A.B. asks: 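The structure follows.
For clarity, every value in this text was computed on a predicted model and none was experimentally measured. Chain identifiers are assigned alphabetically (A, B, ...) following the order of the sequence lines, protein sequences preceding nucleic acid strands; residue numbering begins at 1 within each chain.
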Number of protein chains: 2
Amino acid sequence: MRMSDSPTGRADVGDLFQLLRDGVPRTRAELAKSTGLARSTVAARVDELMRMGLITAVADAVSTGGRPPSQFALNPSAKVVLAADLGASHANVAITDLTGAILAEASERVEIAQGPEAVLTWLVESAQRLLDETERSSADVAAIGIGLPGPVEHSTGQPVNPPIMPGWDRFDVPAWVQRHFPVAVLVDNDVNISALGERAVAWPGVDHFLFVKVATGIGAGIVSDGRLQRGAQGIAGDIGHVRVARGVDVPCHCGNHGCLEALASGPAIARTLRDQGVEAHTGDDVVALVKHGSLEAIQAVRQAGRDIGEVLTASVSLLNPSVISIGGSMARVSEHLIAGVREIVYTRSTPLATEHLTIVQSTAASKAAVIGASILAVEHALSPAGLSTAFAPA
Amino acid sequence: MRMSDSPTGRADVGDLFQLLRDGVPRTRAELAKSTGLARSTVAARVDELMRMGLITAVADAVSTGGRPPSQFALNPSAKVVLAADLGASHANVAITDLTGAILAEASERVEIAQGPEAVLTWLVESAQRLLDETERSSADVAAIGIGLPGPVEHSTGQPVNPPIMPGWDRFDVPAWVQRHFPVAVLVDNDVNISALGERAVAWPGVDHFLFVKVATGIGAGIVSDGRLQRGAQGIAGDIGHVRVARGVDVPCHCGNHGCLEALASGPAIARTLRDQGVEAHTGDDVVALVKHGSLEAIQAVRQAGRDIGEVLTASVSLLNPSVISIGGSMARVSEHLIAGVREIVYTRSTPLATEHLTIVQSTAASKAAVIGASILAVEHALSPAGLSTAFAPA
């Protein structure tokens, strides 16, 4: 059914609901005033939204004498969403309510290189277990949000040339998942959903926000003007392959030389340390060495921070963010990493760009991605377009 | 009056008008179908919009027997807007209709360094002359858009620490202009308005667009997801002070070394040529030399293109645009400039980022900025917020 075809359809209740999405309770009179609709129209639409289960009557407003007027607000448990963060070698899945609060979650070591069928089967089975656990059914799922560790064409939900995801190139993730859950499936890369999640948890009012993940790879998630920016092919924020001046001779797995990722990722720092005779193979080894006070490791992490700072200086000039949040596994030694970043960004940027710039460690850590995936799903489900399918009468 | 207070106010007609803004003629029946409003409500709102002069009845729809239904569309000459592009040493001002079509314009050599009172007095007097010329009155002006050659805090319309604009720092441009024209005054920097104008003229459907101005300075205007991006302090796109690897010893007027502007702007190329014994002082000199076939000048412009390409490679990774348009006075020798840009961007970027990337010379040239200023003003005047003041009954 087209939204505009029916006088009692979702198009009519949609405007009222978009007001009520923020969770603030309002009376019918307040709704009439805000929308300019007649009282009788408001009353009918409130009834329809109640019938759909999207809103509930909440604690009565302060009485001004006589019967106190009822207030209405979003019903956070009208439906649930499914949120998944699929990494290179880990997977997190959660059920959240419509405010993004986690109701149940599961984590497991899952290799993304097993291919889409194996990984998504794990996802679907885990989701079903979590639904059972929370006593919800698959009919309660309003939408699904999934993060993947590679470039994703957001409009189709398909990974595009993902370097560490054999078998996933152009795989139709939404279609596969919809065979089990026939709802909207939103797919994005893991750094983008982490940016959404980190911002929601730690910087909710910040409209110009950059999240930088430093782990096996390096990438950024960009929020400009309050909206996640994906670019024309969905690969905005791919800063791992920007060239850094000092690395002109260092080969990168992408085929170029001097990429940021070839100099400042966890494995790259480990390689630098091996060249100095220090035993280190992974980013985890580097983190362990720093925590044991290895001077070489501390110096190498600080230099990686400077390299990242060089690229972030260009990002600061281009995007003029007010907060840069650094996450990913290497952020566990963030005091040295961020010191290097700050050293370069504050030296190289214009005063106006850094006057109100904050550079900090991410706080939501491993939860950021799954919270971001939930936001992606909830935003869609409660949007005017999503509403018509996610809350269609059974 | 608050928009929601009155049942016959602009809030009610606004939804219908937002549909009709695109200029496509629609019948009352089509409007009822698109909005889900009752026919009688649509009829009343159409009458109100006609009364306000915002829409007009246009050529009748194809008859299906009986009296043909009337169609309605935006009335482009309901009001006019005032658009100005104030550069370092030139000024353009125009009157446009509500589709951005220029009705009258004026250009003059005006030094921005004369300060805000002198420059804005010229602006107001020129605007009054153009209004007389087009037989419109100041009451017909719906809004004003102004571009300035420096950083502007868009929310207040105030220049902030503009390097080449003595006397303008924190000057309240809207308040001053409103003493003569009591309407909304939107102020932005000249590269941002050029990006809006160039996109509207040459790339209307492109949602991820980068405009780069190469002249006395170097800056970029960013359109992401169809929206102009200004950043937290309104200085997004300030790429002139990003460091370029080869320029580590070249001092910049900003106090740092190796800035793109110190290497690849018009005056910087002229300096490179002087160091080689070639007589050149300004960007115009460089352009003249290139047009006369000077090999040194051609090589210097191509190298400037490579330097710009180095910074744009980072921009391509970060923003993933589909079109980069190069304008400004140095783009008059764009074949050499753009060859250098392409050489580096296509060598250094990831295949996915450049697969569908177009890098071209700007086509709107000097008109881009004033068209962009008009768009800024029209967008505001016809927005739900702008409507209530720009079209308030006299």
Side-chain angles (χ1 to χ4, degrees), chain A residues 3-7 9 11-12 15 32-36 38 151 160-161 206-208 220 222 224-225 227-243 245 248 254-256 310-311 313-323 347-353 355-357, chain B residues 2-7 9 11-12 15 33-36 38 151 160-161 206-208 220 222 224-225 227-243 245 248 254-256 310-311 313-323 347-353 355-357:
Chain A
M3 283 183 63
S4 54
D5 286 347
S6 157
D12 289 322
D15 52 353
K33 193 166 181 189
S34 298
T35 58
V160 183
N161 293 326
V206 171
D207 278 347
H208 300 275
I222 304 166
S224 288
D225 228 354
R227 295 148 57 109
L228 188 65
Q229 301 298 333
R230 297 183 174 94
Q233 273 77 44
I235 54 169
D238 187 16
I239 60 171
H241 301 282
V242 173
R243 180 149 61 170
V248 72
C254 76
N256 254 317
E310 188 176 325
V311 174
T313 299
S315 311
V316 164
S317 295
L318 203 61
L319 298 170
N320 183 208
S322 49
V323 174
T347 305
R348 288 291 319 162
S349 304
T350 60
L352 197 55
E355 192 182 348
H356 302 288
L357 175 66
Chain B
R2 281 203 23 223
M3 283 183 64
S4 54
D5 285 346
S6 158
D12 288 322
D15 51 353
K33 195 166 180 191
S34 298
T35 56
V160 183
N161 292 327
V206 171
D207 278 347
H208 300 275
I222 304 165
S224 287
D225 228 354
R227 293 148 58 107
L228 186 66
Q229 301 296 334
R230 299 185 173 92
Q233 273 78 42
I235 54 168
D238 187 16
I239 61 172
H241 301 283
V242 173
R243 179 150 61 172
V248 72
C254 77
N256 254 316
E310 188 177 324
V311 174
T313 299
S315 311
V316 164
S317 296
L318 201 61
L319 298 171
N320 184 206
S322 49
V323 174
T347 305
R348 289 291 321 162
S349 302
T350 60
L352 196 55
E355 193 181 348
H356 304 288
L357 175 65

A.B. asks: Top residue by heavy-atom pair count (under 4.5 Å) with chain B, among Ile222(A), Val242(A), Ile235(A)?
C.D. replies: Ile235(A)
A.B. asks: Among Val311(B), Val323(B), Leu352(B), which residue has the highest count of heavy-atom pairs closer than 4.5 Å to chain A?
C.D. replies: Leu352(B)
A.B. asks: Let me know if Arg230(B) has heavy atoms under 4.5 Å from chain A in its side chain, its backbone, both or neither.
C.D. replies: backbone
A.B. asks: Name the option with the most non-hydrogen atom pairs under 4.5 Å to chain A; the candidates are His356(B), Glu310(B), Glu355(B).
C.D. replies: His356(B)
A.B. asks: With a 4.5 Å heavy-atom cut-off, do Arg243(B) and Thr313(A) have their side chains touching?
C.D. replies: no
A.B. asks: Roughly how far, to the nearest 0.5 Å, is CG of Leu319(A) from OG of Ser315(B)?
C.D. replies: 8.5 Å
A.B. asks: Could you tell me which of Ala245(A), Cys254(A), Ser224(A) has the largest number of non-hydrogen atom pairs under 4.5 Å with chain B?
C.D. replies: Ser224(A)
A.B. asks: Quick one: pull up CD in Gln233(A) and CG in Leu357(B) and give me the separation to the nearest 0.5 Å.
C.D. replies: 8.5 Å
A.B. asks: Compare every heavy atom of Ser322(A) with every heavy atom of Ala232(B), then report the nearest pair and how far apart it is.
C.D. replies: CB-CB, 3.8 Å
A.B. asks: Counting only non-hydrogen atoms closer than 4.5 Å, does Pro151(B) touch chain A with its backbone (N, CA, C, O), its side chain (CB onward), both, or neither?
C.D. replies: side chain
A.B. asks: With chain A, which of Gly234(B), Ala38(B), Ser317(B) has the greatest number of heavy-atom pairs at distances under 4.5 Å?
C.D. replies: Ser317(B)
A.B. asks: Yes or no on side-chain contact (heavy atoms from CB on, under 4.5 Å) for Gln229(B) and Gln229(A), after CA distance, side-chain angles and deciding distance?
C.D. replies: CA-CA 10 Å; Gln229(B) 301 296 334; Gln229(A) 301 298 333; 3.6 Å; yes
A.B. asks: Tell me, for Asp207(B) versus chain A, whether the close heavy atoms (under 4.5 Å) come from the side chain, the backbone, both or neither.
C.D. replies: neither
A.B. asks: Under 4.5 Å between any side-chain heavy atoms of Asn320(B) and Asp238(A), yes or no?
C.D. replies: no
A.B. asks: For Val206(A), which atoms come within 4.5 Å of any heavy atom of chain B: side chain, backbone, both, or neither?
C.D. replies: neither
